[in-house]
Amino acid sequence: MTERLKLHNDGGRTRDVAEAGQPGEDEFRVDIERIRFSPFFSRLAAVTQVIPQVGSGTVIHNRLTHSLKVSAVARSIAITLNNSDERTRSLLEELGGCDPVVVQAAAAAHDMGHPPFGHLGEKELDRVSRSVLRLPDGFEGNAQTFRILTALDSCDATARGLNLTRAVKAAVLKYPWARSDWTQHQRLSSAEMPRGVGDEVSQGAMKFSAYMTETAEMHDALSVFPRMGRHQQTLECAVMDVADDIAYAVHDLDDFYRSNILQYTSVSAEMTRWLSDCRELAGLHDTELDRRRPGHALESMWRHVQEKDPWIADEDAFRQSVQRVNRDLVEGLLAVPYDGGLEADRAVTAFTRRWIDRLKASIVVDSEPHIRSGHVRLSDTAWHDVVVLKFVHSRFVLERSDLAVYQRGQTRIIASLVEGFHEWLRDPDEATTIPRRLLDSVEAATEEYQELYDRDPASLGEEGASAIVRLGRARAVVDYIASFTDAQAMSVNALITGASEEPWEAGRGL
């Protein structure tokens, strides 16, 4: 405990490998530059955020532009908190501090682990990694981010990881647990577990921030914040998480309006019908709700929110948020179709700035937060606003059949890549032709599982030592595919399935 307190008093500035920095150089500033110069960070420019840029021009965010905006929002929130009243500043200090540069670094890094093709690609890579590769903890974008920062990337100080400070490593742990941590909590409802764990925990948590090979490093990073309760984010992580929510809810709507995906008629019909008939809709049984009818999808979502977040969900606050979003987004912005002109650009920019500023100013610091919340969160009113904005995003973009059919095709690419590279690695006659980077990844991942087994033989289950090679090979395949851009995934899949007509060009960088 003495060592923990010593680290805590140092603000989490210690690293696994001590480095001699330049005089006057800030350790956290070094971290953010290492993240920004990482090739894993650069690749985000070619990874889908929500909808593909193909056919949409430059108006659509990618993972890189999203991360940069999250970083800007997060820094602004952190500075505001540090300049707030004495009581809030005292609470921040008690909870471990909220350094704006740490917050920026975490925000820049938070999506580095996302695979090709957005969230659907993440879900498919998790599915095939568990079902085909038999990886117990599968794939998760946040856990992959932590793995990149601590194992896959490298720096001058170490070949394994970026050797970041513990504060920055802790700040990226949005879901500070491993997948298997929740398998014994099957009797709890989702309202009694942290956000992200999910409803079905028999196979472990849905969202988590560390694979079994990095769990010890996760706990080490969190140890420098002894005031944090179990399964609680650090202050800096909570700020990053809130900023991510804000950017996702507002900036993505900006995308959908500029690309003419959001249509006034359908969004207006949903909102106005719910507002006029909410009492009647509330009296319907779940089975009577028909999402094809205006107002029903919003009512269904509201019931889901009440069930999962009864600690904050409030009917009056929700209705007011629907009215506010309907007035400003639907009857304000969407009522005038985007035509690419200066007036339309000014309108969407004003909408985005207004909502970002409003949400940034609606931050609450809790000394004892609810299990589904964090020490830093949105106010009750702003929380409901974000719920409604995300509904618009989900209902009128993600549920579009034209997007769904495209994404279903993309999931086939992920599955094909996993199966193709896995079979290749298992073929002894082709060992010398396997891409060098993949072979190196197999060797490194196998060593990690060997070290894990040496520390804790029970960690690999009944297979024990016999699983080391299999798991190392499987994790390397996942690491390899997760590092592709969208375009790389498509071109490499064409190669591995024999469909490419340009093998030399498409195969570069393998």
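Nothing here was measured: the structure is a model prediction, and the numbers come from that model.
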- Task: Evaluate side chain to side chain contact (heavy atoms under 4.5 Å, CB included) for His296 paired with Arg273, printing each intermediate quantity in order.
- Result: CA-CA 9 Å; His296 286 231; Arg273 182 61 61 87; 6.0 Å; no
- For the pair Thr150 (side chain) and Phe146 (backbone), establish whether a donor and an acceptor sit closer than 3.5 Å, ignoring hydrogens and angles. yes
- State plainly whether the residues Glu192 and Arg372 are in salt-bridge range, i.e. N to O under 4.0 Å. no
- Task: Cation-pi check, Arg437 to Tyr480: give yes when NZ or CZ is under 6.0 Å from the six-membered ring centre and within 45° of the ring axis, no otherwise.
- Result: no
- Message: Tell me which one of His393, Lys69, Lys390 satisfies side chain to side chain donor-acceptor pair (under 3.5 Å) with Tyr248.
- Response: His393
- Query: Short question: side chain of Thr65, backbone of Asn62 - any donor-acceptor pair under 3.5 Å?
  - Reply: yes
- Query: Are more than 12 heavy atoms from other residues, nucleotides or ligands located less than 6.0 Å from atom CD of Gln203?
  - Reply: no
- Report yes or no: does Arg130 contribute a side-chain atom to a donor-acceptor pair with the main-chain N or O of Asp137 at less than 3.5 Å? no
- Donor-acceptor pair, side chain of Arg160 and main chain of Ala444, under 3.5 angstrom: no
- Item | Leu133 backbone acceptor or donor facing Arg470 side chain under 3.5 Å | yes
- Could you give the distance from CG (Asp111) to CG (Leu68), rounded to the nearest 0.5 Å? 11.0 Å
- Note on the structure: The single option from His251, His110, His114 that satisfies ring-ring contact (aromatic ring centres under 6.0 Å, His included) with His66 is His110
- What's the shortest heavy-atom distance between Tyr453 and Ala465, and which atoms? CE1-N, 3.5 Å
- Item | Counterpart residues, salt bridge (Lys or Arg N to Asp or Glu O under 4.0 Å), relative to Glu299 (two or more places apart) | Arg303
- When you measure from the side chain of Thr497 to the backbone N and O of Asn493, does any donor-acceptor pair fall under 3.5 Å? yes
- Query: Looking only at atom types and distance, does a side-chain atom of Asp181 sit under 3.5 Å from a main-chain N or O of Ala178, one as donor and one as acceptor?
  - Reply: yes
- Message: Working to the nearest 0.5 angstrom, can you tell me the gap between Glu236 CD and Met240 CE?
- Response: 10.5 Å
- Tyr211 and Phe139 aromatic ring geometry - parallel, tilted or perpendicular at 30°/60° bounds: tilted
- Any chance you could lay out the side chain to side chain contact (heavy atoms under 4.5 Å, CB included) test for Glu214 and Glu448, step after step, and finish with the verdict? CA-CA 9 Å; Glu214 285 79 49; Glu448 291 169 3; 4.1 Å; yes
- How many angstroms lie between atom CG of Leu359 and atom OG of Ser379, to the nearest 0.5 angstrom? 8.5 Å
- Message: Using only atom types and a distance under 3.5 Å, with no angle test, would you say the side chain of Trp177 pairs donor to acceptor with the backbone of Lys207?
- Response: yes
- Under a 4.5 Å cut-off applied to non-hydrogen side-chain atoms, are Leu452 and Arg455 in contact? yes
- Item | Pair Ser190, Lys308: side-chain N/O donor-acceptor within cut-off below 3.5 Å | no
- Message: Can you confirm whether the side chains of Glu463 and Ser466 place a donor and an acceptor under 3.5 Å from each other?
- Response: no
- Task: Output, in order, the C-alpha distance, side-chain angles, deciding distance and verdict of side chain to side chain donor-acceptor pair (under 3.5 Å) for Ser268 and Glu270.
- Result: CA-CA 5 Å; Ser268 176; Glu270 183 73 32; over 6 Å; no
- Contact check, side chains of Leu378 and Ile246, non-hydrogen atoms, under 4.5 Å: yes
- Please examine the side chains of His231 and Met193, heavy atoms only from C-beta on, and report whether any two atoms are closer than 4.5 Å. no
- Rounded to the nearest 0.5 angstrom, the CD-CZ distance for Glu124 and Phe117 is 11.0 Å
- Arg377: what forms a salt bridge (Lys or Arg N to Asp or Glu O under 4.0 Å) with it, not counting sequence neighbours? Asp366, Asp380
- Message: Any heavy-atom pair between the side chains of Pro136 and Leu471 that's under 4.5 Å?
- Response: yes
- Query: Which atom pair, heavy atoms only, marks the closest approach of Ala476 to Leu438?
  - Reply: O-CD1, 3.8 Å
- Hey, are Lys174 and Glu140 close enough for a salt bridge, meaning a charged N less than 4.0 Å from a carboxylate O? no
- Can you find a pair of side-chain heavy atoms, one from Pro176 and one from Leu222, that are under 4.5 Å apart? yes
- Polar side-chain atom of Arg395 near backbone of Arg291 as donor-acceptor pair, under 3.5 Å: yes
- Query: Under the side chain to side chain contact (heavy atoms under 4.5 Å, CB included) criterion, do Val392 and Met271 qualify, and how do the steps go?
  - Reply: CA-CA 9 Å; Val392 174; Met271 297 293 201; 3.4 Å; yes
- Under-4.0 Å salt bridge between Asp31 and Arg36: no
- Query: Taking everything shown except Glu288 itself, do over 12 heavy atoms lie less than 6.0 Å from its CD?
  - Reply: yes
- Message: Please tell me whether Phe208 and Tyr175 form a close aromatic pair, meaning their ring centres lie under 6.0 Å apart.
- Response: no
- Item | Under the salt bridge (Lys or Arg N to Asp or Glu O under 4.0 Å) test, residues paired with Asp427 that sit two or more places apart | none
- Task: Check whether any side-chain heavy atom of Met112 sits under 4.5 Å from a side-chain heavy atom of Arg63, and report yes or no.
- Result: no
- Query: Can a donor-acceptor pair be found between the side chains of Thr352 and Asp254 at a distance below 3.5 Å?
  - Reply: yes
- Note on the structure: On a heavy-atom basis, the closest approach of Val239 and Ala74 is CG1-O, 3.5 Å
- Query: Distance-only, no hydrogens or angles: does the Ser321 side chain make a donor-acceptor pair with backbone N or O of Ala317 under 3.5 Å?
  - Reply: yes
- Query: If you measure from CG on Leu495 to CE on Met490, what distance do you get to the nearest 0.5 Å?
  - Reply: 13.0 Å
- Message: I need the Asp153 CG to Ser483 OG distance, nearest 0.5 Å.
- Response: 11.0 Å
- Would you please test Gln233 and Leu173 for side chain to side chain contact (heavy atoms under 4.5 Å, CB included) and show each step? CA-CA 7 Å; Gln233 302 168 334; Leu173 298 171; over 6 Å; no
- Between Phe391 and Phe396, how do the two ring planes meet: parallel, tilted or perpendicular, split at 30° and 60°? perpendicular
- Query: Do Asp241 and Arg195 come close enough that some side-chain heavy atom pair is under 4.5 Å?
  - Reply: yes
- Item | Side-chain heavy-atom pair Trp383, Asp309 within 4.5 angstrom cut-off | yes
- Do Asp479 and Ser441 meet the criterion of a side-chain donor-acceptor pair at a distance under 3.5 Å? no
- Task: List the steps and the verdict of side chain to side chain donor-acceptor pair (under 3.5 Å) for Thr48 and Asp486.
- Result: CA-CA 7 Å; Thr48 296; Asp486 290 10; 2.3 Å; yes
- Message: Checking Thr433 against Glu430: is there a side-chain donor and acceptor pair closer than 3.5 Å?
- Response: yes
